[in-house]
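Quick note: residue numbers are just sequence positions, from 1.
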Amino acid sequence: MLKGNRIMSQVRLLWIGCLESEQEFEKKSKKGYKLASAQVSQYNILTGLEEVTGLSFDSINGSVLPPYPIYKDLDVSEVNWSRGEDNFNISVGYKNRKFINRILCQNEMIKATRRWVKERYKGEDLIVFVYSMRSSAMAAGCEIKKLIPNAKIYLIITDLPQYMDLGQGKVKSLLKKIDFVQIKKMQKKYDGFILYAEKMAEYLNISNSKWTLMEGLYDSKELNSNQANLKKKSIMYSGSLDLKYGIEMLLNAFMEIDDNTLELWLTGGGNAETYIKQCALKDNRIKFFGFLPSREEVLEKQKEASLLINMRLPSEAASSYCFPSKLFEYMATGTPVLSFKLDGIPQTYHQYLVIVKEESAKSLAKTIKSCFDDSLTLQTKALQAKEFILKEKNKKAQCEHIWSFVNKNEG
């Protein structure tokens with residue numbers, strides 16, 4: 001295989017992020033680790049690029065954990081695992097102390113990077129993908145650039161850092177501001193960027209030639225072709241149950257709908273749980289399932305619903321700079337999907353969604369009711385959405401797009 005004028009056997013791939021082995025992810029999830037979407041996203045991009053290139057990644061990772069005692073372990077153990085023949089994967093160990101856990105993780109990731117260069121790197125053309133705009137992973141990428149100046153490093157930006165890990169007090173807020181200054185300095189060392197939202201480029205002052213848009217991807221292997229035998233008349237929201245994501249508006253809108261046959265299903269967890277339980281006591285149509293035991297059970301539940309809903313709000317500052325990760329998962333089910341119009345969702349998606357015109361409980365309730373008045377048209381739209389995701393946003397297509405950008409960027 002050739003890549004430009006180079007033989008692919010002389011190319012080496014390295015992943016730097018927060019990926020875990022399947023077993024370790026399950027263990028950490030039970031202790032308070034909540035980044036399920038990041039785990040799925042990383043695994044899909046990494047394995048997709050391996051399929052497209054015929055190469056195998058090594059990976060260096062640092063868990064993005066809440067501090068002890070929110071997360072149950074103070075001492076996070078190092079984990080090593082293999083995903084196949086002749087590859088190396090590590091999730092570093094570190095002290096999970098409040099306020100300094102991220103810097104301690106960063107230090108260990110830098111040490112792991114130095115060990116990798118010494119023990120695993122054999123002088124190949126190195127291409128590095130760094131997942132997420134977090135200082136620990138970015139610093140490890142910069143360490144690669146320092147040790148191997150000819151290496152090419154690409155940053156995958158799913159969210160802007162100032163909109164991650166919010167609501168943690170004044171000290172955390174100050175530390176995030178300091179952290180962002182360091183992140184902006186490190187950004188200059190990167191050769192290219194894969195952005196999940198177009199407006200990120202302007203905000204981060206990235207020149208047009210150095211970025212490409214890749215708002216996410218879907219692994220069709222996750223799709224169970226067996227549809228639910230009987231769909232219940234229901235609306236489902238799954239994911240982070242935080243008040244900032246419009247959960248209160250959703251509950252208030254639902255309780256305005258006078259239809260005893262309609263139910264609202266919520267799965268996941270977050271700071272809106274108390275309000276959800278209060279509303280469920282008032283209205284027995286509201287069903288709160290909490291965290292379902294596995295991703296497979298979430299996907300099965302989605303197939304049983306009549307309408308899936310994305311509650312990211314246009315008024316959220318972050319909504320212009322992120323693509324809601326749940327949309328791919330929702331649209332691939334063939335179930336109608338309702339969403340507000342967000343700057344982070346490209347125009348091409350709007351024809352496949354039921355759009356809420358105004359950010360209010362009244363408008364939301366009206367739109368939900370309209371969905372059940374014309375179910376045939378809605379189902380046609382839903383099947384078109386499924387086809388769009390499976391054909392144009394599947395893992396292979398999106399990773400071919402990434403790899404084409406890398407080849408073009410390297411001239």
Side-chain angles (χ1 to χ4, degrees), residues 12-50 55-68 71 73 75-84 86-96 100-121 126-145 147-148 151 153-159 161 164-165 179 183 186 190 194 295 325 399 402:
R12 189 69 177 270
L13 298 180
L14 177 64
W15 183 270
I16 299 176
C18 57
L19 188 68
E20 307 283 351
S21 70
E22 256 184 69
Q23 297 82 357
E24 187 63 19
F25 179 75
E26 287 180 13
K27 286 181 186 176
K28 285 177 175 167
S29 294
K30 292 174 183 176
K31 297 177 182 179
Y33 183 56
K34 296 180 179 179
L35 292 184
S37 60
Q39 174 77 3
V40 173
S41 177
Q42 287 178 93
Y43 183 80
N44 285 342
I45 299 172
L46 184 150
T47 56
L49 285 170
E50 287 183 332
L55 301 173
S56 180
F57 274 94
D58 282 354
S59 74
I60 299 168
N61 305 281
S63 304
V64 184
L65 301 173
Y68 176 83
Y71 183 79
D73 292 345
D75 294 300
V76 179
S77 300
E78 178 182 306
V79 178
N80 293 274
W81 77 99
S82 176
R83 295 178 300 101
D86 192 32
N87 65 51
F88 169 80
N89 304 273
I90 183 173
S91 181
V92 300
Y94 60 94
K95 291 280 186 184
N96 192 25
I100 60 170
N101 55 348
R102 298 287 183 262
I103 191 67
L104 295 176
C105 177
Q106 175 177 312
N107 292 342
E108 293 304 320
M109 289 186 74
I110 290 172
K111 289 177 187 176
T113 299
R114 291 169 182 163
R115 288 199 306 272
W116 183 87
V117 170
K118 184 178 179 180
E119 298 171 11
R120 298 281 296 175
Y121 178 64
L126 180 61
I127 299 175
V128 183
F129 292 90
V130 177
Y131 183 85
S132 191
M133 204 172 201
R134 293 184 182 272
S135 52
S136 51
M138 288 183 70
C142 290
E143 187 68 15
I144 286 286
K145 198 73 169 174
L147 298 173
I148 310 170
I153 54 175
Y154 294 88
L155 182 62
I156 300 169
I157 307 179
T158 59
D159 297 278
M164 297 188 284
D165 307 328
D179 186 51
I183 283 172
M186 289 189 283
Y190 280 73
I194 295 101
R295 178 171 169 79
S325 59
C399 287
I402 293 172

Which heavy atom of Cys105 sits nearest a heavy atom of Gly62, and at what distance?
SG-CA, 3.6 Å

What I'd like to find out is whether the side chain of Gln39 reaches to under 4.5 Å of the side chain of Leu35, using heavy atoms alone.
no

Determine yes or no for a side-chain-to-main-chain donor-acceptor pair under 3.5 angstrom, with Glu78 supplying the side chain and Ile90 the backbone.
no

With a 6.0 Å cut-off (strictly less than), is the heavy-atom count around OH of Tyr68, excluding the residue itself, greater than 12?
no

Is a donor on one side and an acceptor on the other found under 3.5 Å between the side chain of Thr47 and the backbone of Tyr43?
yes

Picking from Leu126, Leu147, Asp58, Ile144, what satisfies side-chain contact (heavy atoms from CB on, under 4.5 Å) with Tyr121?
Leu126

One should read off an interatomic distance between Ile194 CD1 and Ile402 CD1, to the nearest 0.5 angstrom, of 5.5 Å

Are Phe129 and Leu49 close enough that some pair of their side-chain heavy atoms sits under 4.5 Å apart?
yes

Taking Tyr94 for the side chain and Ser63 for the main chain, is one N or O donor matched with an acceptor at less than 3.5 Å?
yes

Apply the test side chain to side chain contact (heavy atoms under 4.5 Å, CB included) to residues Val76 and Asn101: give CA-CA distance (whole Å), side-chain angles for both, the deciding distance (0.1 Å), then the verdict.
CA-CA 10 Å; Val76 179; Asn101 55 348; over 6 Å; no

Note: Asp159-Arg134 ion pair, threshold 4.0 Å (strictly below)
no

Using 0.5 Å steps for rounding, measure from the CD atom of Gln42 to the SG atom of Cys18.
4.0 Å

Do Trp15 and Asn87 come close enough that some side-chain heavy atom pair is under 4.5 Å?
no

In the structure I gave you, are the side-chain heavy atoms of Met164 and Ser132 within less than 4.5 Å of one another anywhere?
yes

Among Lys95, Lys27, Lys31, which residue satisfies the side-chain contact (heavy atoms from CB on, under 4.5 Å) criterion with Asp73?
Lys31

Please report the interatomic distance CG(Leu14) to OG(Ser59), rounded to the nearest 0.5 Å.
8.0 Å

For Lys34, what residues pass the salt bridge (charged side-chain N to carboxylate O under 4.0 Å, His left out) criterion, not counting sequence neighbours?
none

Restricting to non-hydrogen atoms, name the atom on Ala139 and the atom on Ile110 that form the minimum distance, rounded to 0.1 Å.
CB-CD1, 4.1 Å

Using modelled atom types and a 3.5 Å cut-off, is there a donor and acceptor pairing between side-chain atoms of Glu143 and backbone atoms of Thr113?
no

How long is the span from the CZ atom in Arg83 to the CG atom in Leu46, to the nearest 0.5 Å?
4.5 Å

Does either side chain, that of Trp81 or that of Gln23, offer a donor lying less than 3.5 Å from an acceptor on the other one?
no

So, do Pro161 and Met133 sit near enough that their side-chain heavy atoms are less than 4.5 Å apart?
yes

Got Val64 and Arg102 here, is their nearest side-chain heavy-atom distance under 4.5 Å?
yes

Shortest non-hydrogen separation from Gly32 to Pro66 and the atoms involved
O-CG, 3.4 Å

How long is the span from the CZ atom in Arg115 to the CZ atom in Phe88, to the nearest 0.5 Å?
6.5 Å

Spell out, as yes or no, whether a donor-acceptor pair under 3.5 Å connects the side chain of Arg12 to the backbone of Ser56.
no

Applying side chain to side chain contact (heavy atoms under 4.5 Å, CB included) to Lys111 and Ile60, what does each step give before you reach the verdict?
CA-CA 10 Å; Lys111 289 177 187 176; Ile60 299 168; over 6 Å; no

Checking side-chain hydrogen bond (donor to acceptor under 3.5 Å, both in side chains) between Ser91 and each of Glu20, Glu108, Glu24, which is the one that passes?
Glu20

Is it true that atom OH of Tyr71 has more than 12 heavy atoms of other residues, nucleotides or ligands lying nearer than 6.0 Å?
yes

Does the side chain to side chain contact (heavy atoms under 4.5 Å, CB included) test come out yes or no for Phe57 and Asn89, once each step is laid out?
CA-CA 9 Å; Phe57 274 94; Asn89 304 273; 5.9 Å; no

